[in-house]
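Below is one structure, written out as structure tokens; comments come after it.
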Amino acid sequence: SKMIDLNQLLSGLGLTSVPVEAFIGAKLNCKGPLWPELAVNCAGDSQIDQVEVRSGNNVHDIIVMLDQGKLHGDFNIKKTAIDYKTEITMGKDDNASKGFSSGEIIYAKGFNIKFDSDHFDLSNIKHLAGLKLEGAGAVHGSTTGNSAAATFEMLLDTQNVFFENFSLGNVSGILEYDKGIMNFSNLNGKINNSTYQGQVVVDLNQKHIKSQIEIPRFEINELLSVVSRRFIMPVEVSGLGRAKINVDGPFQLGKLSYQLNAQMSHGSVVSEPFDILDIKLESNSGEMHIEKLQMTKNQSLLNMTGISHPD
């Protein structure tokens with residue numbers, strides 16, 4: 001069947017400039033009266049493509065774009081609103097996501113849509129405010145909005161997650177979006193035996209990221225796996241420790257400001273054992289200062305400081 005532009009359809013129903021776009025093709029059986037009170041129910045199978053939630057009408061205003069999918073369900077058309085419920089399959093083969101969605105679109109007010117999936121492959125999110133995200137797991141959430149703006153909230157419980165090519169392991173938490181601010185809160189992560197908690201706030205308007213992460217326990221090789229796509233440690237290291245990381249700055253990695261405090265024990269560097277390794281790093285716009293690098297072995301103490309300039 002011919003694809004229908006959802007945004008144009010809603011505009012024709014009086015809900016103009018809605019920040020949602022989708023193209024839908026369907027084979028449906030419809031029944032119900034058109035008069036005196038409109039009450040039509042349609043059921044069947046549909047295809048959906050180019051699903052977008054956005055903050056405006058330009059390409060750079062797209063917040064979320066989803067992969068093409070198949071729907072099986074029904075919807076009701078009434079005088080003042082449309083409501084629906086449907087099963088969803090999105091993506092193909094091993095990357096296919098499956099779930100359920102329901103919602104209501106009130107012509108004079110806006111929309112409220114819920115979605116649930118016990119297996120959602122993050123690769124089926126084709127665009128998330130320009131951020132690169134990989135992994136799979138359970139996603140439960142909702143999106144609401146009107147002709148002025150849209151917001152969404154997701155509860156995540158995901159595995160093998162990569163964010164901007166940083167390996168985050170298994171991650172659970174809450175992802176929210178409102179007025180250009182994307183907030184990852186109540187984050188709990190695990191990389192093998194290492195654990196961390198924290199929050200990440202991304203200001204899409206200012207292209208700015210701010211984060212506070214606490215790592216109560218880590219194994220150094222597991223911690224280094226976070227940056228394995230970007231950096232390979234040239235020497236062999238081992239040890240157990242804990243750390244706190246604060247990040248504040250633009251999206252460009254080389255211009256970030258951050259503070260790292262870490263303490264490690266009972267490890268080694270290039271097969272040279274140590275008792276305690278205490279590290280404090282600070283970076284201002286990408287220029288890294290080694291404020292403290294202190295290694296203790298038996299009764300010996302080694303201190304080091306330095307500066308690393310960005311390219």
Side-chain angles (χ1 to χ4, degrees), residues 19-21 51-67 115 120-145 148-191 196-215 226-227 229-231 243-260 282-286 310:
V20 174
E21 178 67 276
V51 182
E52 301 172 5
V53 178
R54 58 197 184 202
S55 58
N57 293 317
N58 297 316
V59 173
H60 65 267
D61 294 323
I62 297 173
I63 304 165
V64 179
M65 178 187 292
L66 301 178
D67 205 349
F115 47 90
F120 187 88
D121 194 305
L122 297 178
S123 66
N124 296 144
I125 302 177
K126 294 303 183 184
H127 181 93
L128 182 62
L131 303 174
K132 187 177 181 181
L133 195 61
E134 301 173 39
V139 176
H140 308 282
S142 64
T143 178
T144 61
T151 67
F152 67 77
E153 177 180 294
M154 299 180 189
L155 302 179
L156 307 173
D157 188 2
T158 51
Q159 293 79 47
N160 300 319
V161 174
F162 283 82
F163 176 71
E164 290 294 309
N165 278 329
F166 291 98
S167 174
L168 304 183
N170 300 338
V171 183
S172 64
I174 302 172
L175 172 59
E176 300 170 290
Y177 172 85
D178 187 16
K179 298 178 181 178
I181 305 297
M182 192 170 293
N183 185 22
F184 298 82
S185 61
N186 295 333
L187 287 180
N188 286 279
K190 188 172 184 180
I191 304 172
Y196 62 91
Q197 299 88 38
Q199 179 178 19
V200 179
V201 179
V202 180
D203 187 332
L204 301 172
N205 300 315
Q206 301 298 322
K207 307 298 182 183
H208 187 276
I209 186 169
K210 187 173 184 179
S211 176
Q212 300 86 38
I213 302 293
E214 183 171 353
I215 310 172
V226 172
V227 295
R229 289 187 177 180
R230 294 179 176 269
F231 171 77
K244 291 184 178 180
I245 305 171
N246 293 321
V247 175
D248 193 347
F251 286 174
Q252 297 97 319
L253 185 63
K255 295 184 179 180
L256 278 177
S257 296
Y258 59 85
Q259 299 84 41
L260 167 67
E282 291 192 10
S283 174
N284 183 14
S285 299

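For reference, positions follow the sequence shown, starting with 1. Values below: all heavy atoms of this structure, side chains included; hydrogens, waters and symmetry mates excluded.
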Less than 4.5 Å apart, side chain to side chain, heavy atoms only: is that true for I174 and L156? no

Applying ring pair (Phe, Tyr, Trp, His ring centres under 6.0 Å), name anything that partners F162, two or more places apart in sequence or on another chain. none

Nearest heavy-atom approach of F115 to T143 is CE2-N, 4.2 Å

Okay, side chain of Y177, backbone of V64: is any donor-acceptor separation there less than 3.5 Å? no

Going by the rule side chain to side chain donor-acceptor pair (under 3.5 Å), which residues pair with D178 if we only count those two or more places apart in sequence or in a different chain? none

Hey, does F120 have a side-chain heavy atom less than 4.5 Å from the side chain of I125? yes

Is there side-chain contact between S185 and Q199, with at least one heavy-atom pair below 4.5 Å? yes

What are the two closest non-hydrogen atoms of N205 and G180, and how far apart are they? ND2-CA, 3.6 Å

What pairs with V51 under side chain to side chain contact (heavy atoms under 4.5 Å, CB included), at least two apart in sequence or on another chain? A22, I48, L66

Return the set of residues passing side chain to side chain donor-acceptor pair (under 3.5 Å) with T144 (not counting sequence neighbours), or none when no residue passes. T151

Run the side chain to side chain donor-acceptor pair (under 3.5 Å) test against Q159 and tell me which residues pass, sequence neighbours left out. none

Applying salt bridge (Lys or Arg N to Asp or Glu O under 4.0 Å), can you list everything that pairs with K126, at least two apart in sequence or on another chain? D67

Working to the nearest 0.5 Å, report the span between CD of Q197 and OG of S172. 9.5 Å

According to side chain to side chain donor-acceptor pair (under 3.5 Å), who are the partners of N170, at least two apart in sequence or on a separate chain? none

Has Q206 got more than 12 heavy atoms of other residues, nucleotides or ligands less than 6.0 Å from its CD? no

Could you tell me whether the side chain of M182 reaches within less than 4.5 Å of the side chain of L204, counting heavy atoms only? yes

Is there a side chain to side chain contact (heavy atoms under 4.5 Å, CB included) between Y196 and I245 once you walk through the steps? CA-CA 10 Å; Y196 62 91; I245 305 171; over 6 Å; no

Please list, chain by chain and in numerical order, all residues satisfying side chain to side chain contact (heavy atoms under 4.5 Å, CB included) with L187, sequence neighbours excluded. V171, F184, V200

Of all residues at least two apart in sequence or in a different chain, which pass the side chain to side chain contact (heavy atoms under 4.5 Å, CB included) check with I181? V201, D203

What is the distance from atom CG of N183 to atom CD of E153, rounded to the nearest 0.5 Å? 10.0 Å

Qualifying residues under side chain to side chain contact (heavy atoms under 4.5 Å, CB included), relative to N246, sequence neighbours excluded: Q212, Q259

Do K244 and I215 make a side-chain contact, defined as non-hydrogen atoms from C-beta onward lying under 4.5 Å apart? no

Can you run down the salt bridge (Lys or Arg N to Asp or Glu O under 4.0 Å) pairs that involve residues 127-144, sequence neighbours left out, and say none if there aren't any? E134-R229

Going by distance alone, is a donor N or O of one side chain under 3.5 Å from an acceptor N or O of the other, for D248 and H208? yes

Is there a side-chain contact between V202 and K207 (heavy atoms, below 4.5 Å)? no

